[in-house]
Amino acid sequence: MHTEFALTLSCPNRPGIVAAVATFLFENQCNILDAQQFDDLESNRFFMRVLFNPVSEGVSLEALQERFAGVAESFGMSWTMRDRAERRRVMILVSKFDHCLADLLYRWRSGELPMDISAIVANHPLETYAHLDFRGIPFHHLPVTRDTKMEQEAELLELIKATNTDLVVLARYMQVLSDGLAAKLSGRCINIHHSFLPSFKGAKPYHQAHMRGVKLIGATAHYVTSDLDEGPIIEQDVERITHSDNAEDLVRKGRDIERRVLARAVRYHLEDRVMLNGRKTVVFAA
């Protein structure tokens, strides 16, 4: 079986980083399959993603991680190294709008998204999604009100821990996470929302956009932070609108954009293509 490992790292920029990584892999009988790098001149930080495979028997991930720790320490690196065959466990949170959920399920079942779904969590009952196929996927109904929000989030956090969830995806989950929960899920919770110029908040944003005669609609996938809808952006897309489009056309087109933007963001995360850079991200897209 072909084995591939992914190494991602960031550190203060200085000469010799690429040479040190390449030398380490060579000396440990590994072959570089793909490498991408980025120097952020503003923050003076270096980012790198390397895919590699061992070229001899007996080269284990654990041994490589232990040996690379010395290299990482000498450069002050934040880094991860993992087997690409290891599937991350993803929990999907959803409310009444289910188009993103349905899309993620399709891409998961077709093999496009290499993940295991740890659970689907909804603030609506199971019959809301009777038209979707949840076979083999644990479903949890966690209703929430303004008065029960903290208790519901405590239950949600326990569920995340109990299921060993690696990534939480808010697939049009129409609840704002508390600052405390957002902090606990830092860097492993992705949200999708509509993004317009100007930005329309509250009920029926596409209808608001239609009333203002917008010429572009879009969607943004980002990591969740305590700053509402202002976390580090992973992916965005837009589509042109004309005077002949009515509000329902905007809703339809908006759903399409939201689906594909969220799917790309989730895939980038699962494939170790996203690295945090302060309030921004570095995305080594394929």
Side-chain angles (χ1 to χ4, degrees), residues 88-109 113 115-195 199-208 219-231 251-252 254-255 257-259 261-263 265-266 269:
R88 289 193 169 100
R89 293 179 59 78
V90 178
M91 180 179 290
I92 305 174
L93 274 58
V94 64
S95 292
K96 191 172 183 180
F97 299 113
D98 60 10
H99 53 284
C100 288
L101 169 63
D103 185 72
L104 292 174
L105 291 176
Y106 170 79
R107 295 175 191 269
W108 165 65
R109 286 200 166 95
L113 292 177
M115 63 185 185
D116 293 328
I117 300 179
S118 61
I120 294 172
V121 178
N123 56 345
H124 292 267
L126 180 59
E127 52 265 28
T128 307
Y129 316 98
H131 54 290
L132 297 178
D133 181 4
F134 288 174
R135 285 176 299 174
I137 307 173
F139 177 86
H140 300 268
H141 177 210
L142 298 183
V144 60
T145 66
R146 183 175 299 178
D147 294 333
T148 63
K149 184 176 182 64
M150 297 312 295
E151 291 83 356
Q152 190 255 17
E153 285 197 348
E155 190 174 353
L156 175 60
L157 184 59
E158 285 303 311
L159 187 60
I160 292 170
K161 294 177 180 177
T163 56
N164 296 314
T165 290
D166 300 301
L167 175 67
V168 176
V169 178
L170 308 185
R172 289 305 304 271
Y173 181 63
M174 307 303 287
Q175 296 290 324
V176 178
L177 301 189
S178 68
D179 291 353
L181 183 56
K184 290 181 175 67
L185 298 178
S186 177
R188 59 190 188 107
C189 183
I190 296 176
N191 185 35
I192 183 71
H193 69 87
H194 56 84
S195 56
S199 177
F200 298 104
K201 299 180 180 181
K204 296 188 174 182
Y206 291 106
H207 291 76
Q208 296 180 53
T220 298
H222 64 92
Y223 286 118
V224 172
T225 66
S226 57
D227 295 322
L228 180 61
D229 292 340
E230 294 186 13
V251 171
R252 173 178 53 80
R255 286 173 178 166
I257 303 171
E258 290 167 7
R259 282 192 289 253
V261 169
L262 180 59
V266 171
H269 181 97

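The model shown is predicted, which means the values in this text are computed figures rather than measured ones.
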Asker: Taking atom OG1 of Thr145 and atom CD of Glu151, what is their separation to the nearest 0.5 Å?
Answerer: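 With rounding to 0.5 Å, OG1 (Thr145) is 8.5 Å from CD (Glu151).
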
Asker: Please find the pair of heavy atoms, one from Cys189 and one from Leu167, that lie closest to each other, and give the distance.
Answerer: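 Looking at all heavy atoms of both residues, the closest pair is N-CD1, 4.0 Å.
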
Asker: Donor-acceptor check, side chain of Ser186 to backbone of Ala183, threshold 3.5 angstrom: yes or no?
Answerer: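 It does not hold such a pair.
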
Asker: Can you find a heavy atom in the side chain of Asp166 that is under 4.5 Å from one in the side chain of Val90?
Answerer: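 With C-beta onward as the side chain, the pair stays apart.
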
Asker: What is the distance from atom CG of Leu159 to atom OG of Ser118, rounded to the nearest 0.5 Å?
Answerer: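 Rounded to the nearest 0.5 Å, the CG-OG separation comes out at 7.0 Å.
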
Asker: Are Leu181 and Leu157 close enough that some pair of their side-chain heavy atoms sits under 4.5 Å apart?
Answerer: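 A side-chain contact exists here, since the closest heavy-atom pair is under 4.5 Å.
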
Asker: Rounded at 0.5 Å granularity, tell me how far OG1 in Thr128 sits from NE2 in His131.
Answerer: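 These two atoms lie 9.0 Å from each other.
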
Asker: Ile190 and Ala265: which non-hydrogen atoms are nearest, and at how many Å?
Answerer: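 For Ile190 versus Ala265, the nearest heavy atoms are CD1-O, 4.0 Å.
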
Asker: OH of Tyr129: more than 12 outside heavy atoms within 6.0 angstrom?
Answerer: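 Count over threshold, so yes.
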
Asker: Looking at Tyr173, is its backbone amide N or carbonyl O close enough to the side chain of Ser95 to form a donor-acceptor pair, meaning the two atoms are under 3.5 Å apart?
Answerer: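 No, the answer is negative, given that no donor and acceptor are paired below the 3.5 Å cut-off.
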
Asker: Checking Trp108 side chain against Asp116 main chain: does a donor-acceptor pair fall under 3.5 Å?
Answerer: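 Between the backbone of Asp116 and the side chain of Trp108 there is no qualifying donor-acceptor contact (under 3.5 Å).
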
Asker: Quick one about Glu258 and His194 (side-chain donor to acceptor, distance below 3.5 Å, no hydrogens or angles considered), yes or no?
Answerer: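 Side chains of His194 and Glu258: no pair found under 3.5 Å.
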
Asker: Would a 4.5 Å heavy-atom cut-off, applied to side chains only, mark Val94 and Ile120 as touching?
Answerer: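 Yes, at least one pair of side-chain atoms sits under 4.5 Å.
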
Asker: According to salt bridge (charged side-chain N to carboxylate O under 4.0 Å, His left out), does anything in residues 94-108 pair up with another residue at least two apart or in another chain? List the pairs.
Answerer: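 Passing the test, one end in residues 94-108: Asp103-Arg107, Arg107-Glu112.
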
Asker: Determine the minimum heavy-atom distance between Ala171 and Ile92, stating which atoms define it.
Answerer: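 Where Ala171 meets Ile92 most closely, the heavy atoms are CB-CG2, 3.8 Å.
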
Asker: Any idea which heavy atoms bring Pro138 and Ile117 closest together, and the distance?
Answerer: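 Shortest heavy-atom contact: CD-O, 4.5 Å.
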
Asker: Heavy atoms, side chains only, cut-off 4.5 Å: are Leu262 and Val169 in contact?
Answerer: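 Of all side-chain heavy-atom pairs linking Val169 with Leu262, at least one is under 4.5 Å.
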
Asker: Would you give the length of the straight line joining atom CG of Leu105 to atom SG of Cys100, rounded to the nearest 0.5 angstrom?
Answerer: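 If I round to the nearest 0.5 Å, the distance is 11.0 Å.
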
Asker: Output the distance between atom CZ (Arg255) and atom NE2 (His99), rounded to the nearest 0.5 Å.
Answerer: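 Spacing of CZ (Arg255) from NE2 (His99) equals 6.5 Å.
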
Asker: Please tell me whether His269 and Tyr223 form a close aromatic pair, meaning their ring centres lie under 6.0 Å apart.
Answerer: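 Centroid distance His269-Tyr223: below 6.0 Å, so yes.
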
Asker: Hey, does His193 have a side-chain heavy atom less than 4.5 Å from the side chain of Val261?
Answerer: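 In short, these two side chains do not touch, never coming nearer than 4.5 Å.
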
Asker: A quick test of your reading: do over 12 heavy atoms of other residues, nucleotides or ligands sit less than 6.0 Å from CZ of Phe97?
Answerer: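 No.
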
Asker: Are the side chain of Asn123 and the backbone N or O of Leu142 linked by a donor-acceptor pair below 3.5 Å?
Answerer: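 No; judged by distance alone, with no hydrogens or angles, the pair does not exist.
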
Asker: Which heavy atom in Leu126 sits nearest to a heavy atom in Phe134, and how many Å separate them?
Answerer: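 Heavy-atom minimum between the residues: CD1-CD1, 3.7 Å.
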
Asker: Which heavy-atom pair separates Glu230 from His222 by the least distance, and what is that distance?
Answerer: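 Nearest pair, atom of Glu230 first, then His222: N-CE1, 4.4 Å.
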
Asker: Are Leu156 and His140 close enough that some pair of their side-chain heavy atoms sits under 4.5 Å apart?
Answerer: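 No, side chains not in contact.
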
Asker: Between Arg259 and Leu104, is there a donor-acceptor pair closer than 3.5 Å when you use the side chain of the first and the backbone of the second?
Answerer: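 Answer holds: no.
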
Asker: Within the 4.5 Å heavy-atom criterion, are Leu177 and Leu170 side-chain neighbours or not?
Answerer: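 The answer is yes, as the side chains (C-beta and beyond) meet within the 4.5 Å cut-off.
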
Asker: Under the side-chain hydrogen bond (donor to acceptor under 3.5 Å, both in side chains) rule, what pairs show up with a residue in residues 175-185, not counting sequence neighbours?
Answerer: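 Listed by first then second residue: Glu153-Ser178.
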
Asker: Any heavy-atom pair between the side chains of Met91 and Thr163 that's under 4.5 Å?
Answerer: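 Yes, their side chains come closer than 4.5 Å.
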
